[in-house]
Undergrad: 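Handing you this structure, nothing more for now.
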Amino acid sequence: MEKSMTTEKVGLKKLISYSLGEVGCQMSWYMINTYLTVFYTDIVGLTSTAISFIMLVARIWDAINDPMMGNICDRTHSRWGKFRPYLMFAPPFLAVFNILTFTVFPVTGISKVILCLVTYVLTGMAYTACSISYQALQNVSAIETKARMNLATARGIGGSVIGIVLSAVAAPALLFFSNRQADGSMAAVADAKGYFIFTIILSAVMLPVFWLCAAGCKETHTERLHGDRNAQQEKMGLVKSIAEVCKNDQLLRVVLATVLGTICVSGRMGLLTYYVIYVVGDFKHIATVFTVMTFAQLVGTMTLPLGTKALTKRGYLIALQTLMNIGFLCMFLFAKGGIVPVLVFSAICGLCNASSSICPGLVGDSLEYGAWKLGKRQEGVAASLLSFGVKLSTAISGAAGVLLLGAVGYVANAEQTAATKQGINIIVNLVPFIIGVLSILPMIGYKLNPEKVAAIREDLDNGKTKENSNLTI
């Protein structure tokens, strides 16, 4: 007799191994998400229009590429499983393209723009291969909703820990590896050499981290969930797969909430360096602000098991997003109060950033609902829709953010006017507040509480779907 899924346990080894996948992802994407825009403006010397074009094209293609990768994963059958092979073989390509993205090539004009676009696109494609397979891995490594939430929490803890390390280390390291000033002292602002060397170090360390994740996180439930479905999966192409998954209304609510929430967080993070440098007033404060945020996020992630148990995943997500919105508004209102209020409200925002770790758990529950409603299980495409939402939102916010910087009068490597500083404050804090309020709306109609997910799992274990079930959702 099979062990009851209500008592499924996830061992410490698997929790640690799974968390390492997020560590690897963050080590790859941290520099792009936090420093790429300022690298393009202040180091490469691209115009705001050129950067907006690069961000829009690269990230839209990256978003489109996600369902393609998800479909490839769903149709993969190997001795390592469906998803783990991509955590073994894709990271070396990701390392190379990361380094190329933060390389200043001796070209000018349109050639410079094209080269930046190509390297960024290739980095995004390699990252997609790693991240989609990693996200989908959760849903075949655990099957019970609490066990999946434990994996999601481990993922969040891994992301928070590496985030703290990178936030504390990145800015000082960029300055340390940059060329010294004429008097021999450390550089005041990072240069091309600093970005290049630090990216090489991050990429080299990232490789074994991904490999340890793949080695220690087995696909425990792949055979149970999928059985011998090779023929069906091979006939289901990308378009049909996406069409089927899009019939999952609960998953689409999660994706929409994620799109709007990511504009608040990731889109804002890409411009937060401008706020710290020009509104707060010191490049060196970047490390302090980001460290406070990421440490607070770790604390927030640690609360997820208790918070989601008390309020459900949906309820705790709404609570954290509401508190984060208040933090955005306060940071806008108290921007001139000095570094102390900035750190306090950054801590609040960081604490609530832990809500991003709830989304994979919601996707897992939506995946059960989709298998029950549609009779088909597609972890890869389902995970890719969440990633698609994230990348679509970063495409929109990245392109819009750079254009808005230009609109408020930002001039690279110069003292900004009072009007420009206020404009940066609006872009970084007030706009995310408004969008953050909107991000709560899709979750109001989300129906999958723990009792319903458990009932769905029982139906699926008994070979029932919506067509022959007495369950109403």
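The figures that follow rest on heavy atoms only: side chains count, while hydrogens, waters and symmetry mates do not.
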Undergrad: Check D461 with R457, please: is the shortest side-chain N to carboxylate O separation under 4.0 Å?
TA: yes

Undergrad: Would you compute the distance between atom CG of N33 and atom OG of S28 and round it to the nearest 0.5 angstrom?
TA: 11.0 Å

Undergrad: Report the distance from atom CZ of F328 to atom SG of C264, rounding to the nearest 0.5 Å.
TA: 5.5 Å

Undergrad: For the atom pair OH (Y127) and CD1 (I32), what is the distance rounded to the nearest 0.5 Å?
TA: 9.0 Å

Undergrad: For the side chain of R155 and the backbone of E22, is there at least one donor-acceptor N/O pair under 3.5 Å apart?
TA: no

Undergrad: Can you tell me how far apart CG (N65) and CE (M69) are? Round to the nearest 0.5 Å.
TA: 8.5 Å

Undergrad: Would you say the side chain of N98 lies within less than 4.5 Å of the side chain of L202, judging by non-hydrogen atoms?
TA: no

Undergrad: Counting only heavy atoms from other residues, nucleotides and ligands, does the tally under 6.0 Å from CZ of F332 exceed 12?
TA: yes

Undergrad: More than 12 heavy atoms of other residues, nucleotides or ligands under 6.0 Å from CG of N462: yes or no?
TA: yes

Undergrad: Is it the case that atom CZ in F295 sees more than 12 heavy atoms from other parts of the structure closer than 6.0 Å?
TA: no

Undergrad: Enumerate donor-acceptor pairs with a distance under 3.5 Å from any side-chain N or O in residues 299-306 to protein atoms, sequence neighbours excluded.
TA:
residue, atom, partner, partner atom, Å
T301, OG1, S160, OG, 3.3
T301, OG1, Q297, O, 2.8
T303, OG1, G300, O, 2.5
T303, OG1, Y316, OH, 2.6

Undergrad: Where do T34 and T273 land on the side-chain contact (heavy atoms from CB on, under 4.5 Å) test, with the steps shown first?
TA: CA-CA 7 Å; T34 308; T273 51; 4.0 Å; yes

Undergrad: May I ask you to say whether D459 pairs ionically with K466, meaning some side-chain N is under 4.0 Å from a carboxylate O?
TA: no

Undergrad: Working to the nearest 0.5 angstrom, can you tell me the gap between W211 CH2 and F89 CZ?
TA: 10.0 Å

Undergrad: For the residue pair I348 and I326, establish whether any side-chain heavy-atom pair is separated by less than 4.5 Å.
TA: no

Undergrad: For S346 and F290, run side-chain contact (heavy atoms from CB on, under 4.5 Å): C-alpha distance rounded to whole Å, both residues' side-chain angles, the deciding distance at 0.1 Å, then the answer.
TA: CA-CA 8 Å; S346 292; F290 279 75; over 6 Å; no

Undergrad: Applying side-chain contact (heavy atoms from CB on, under 4.5 Å) to L460 and K464, what does each step give before you reach the verdict?
TA: CA-CA 5 Å; L460 292 173; K464 295 182 180 180; over 6 Å; no

Undergrad: Show, in sequence, the C-alpha distance, side-chain angles and deciding distance for K452 and D365, and conclude whether the salt bridge (charged side-chain N to carboxylate O under 4.0 Å, His left out) test is met.
TA: CA-CA 9 Å; K452 290 181 179 179; D365 292 346; over 6 Å; no

Undergrad: Is any side-chain heavy atom of Y134 closer than 4.5 Å to one of Y86?
TA: no

Undergrad: Between S141 and K218, is there a side-chain heavy-atom distance shorter than 4.5 Å?
TA: no

Undergrad: Are F39 and F102 close enough that their ring centers fall under 6.0 Å?
TA: yes

Undergrad: Where the side chain of T291 meets the backbone of T288, is there a donor-acceptor pair that is under 3.5 Å apart?
TA: no

Undergrad: Let me know which of V165, L207, V205 forms a side chain to side chain contact (heavy atoms under 4.5 Å, CB included) with M27.
TA: V205

Undergrad: Taking side chain to side chain contact (heavy atoms under 4.5 Å, CB included) as the criterion, tell me which of I427, N425, V431 meets it with N429.
TA: N425

Undergrad: Hey, what's the ring geometry for Y120 with Y40, parallel, tilted or perpendicular (30° and 60° as the breaks)?
TA: perpendicular

Undergrad: Find the distance between CD1 (I132) and CG (L137) and round it off to the nearest 0.5 Å.
TA: 12.5 Å

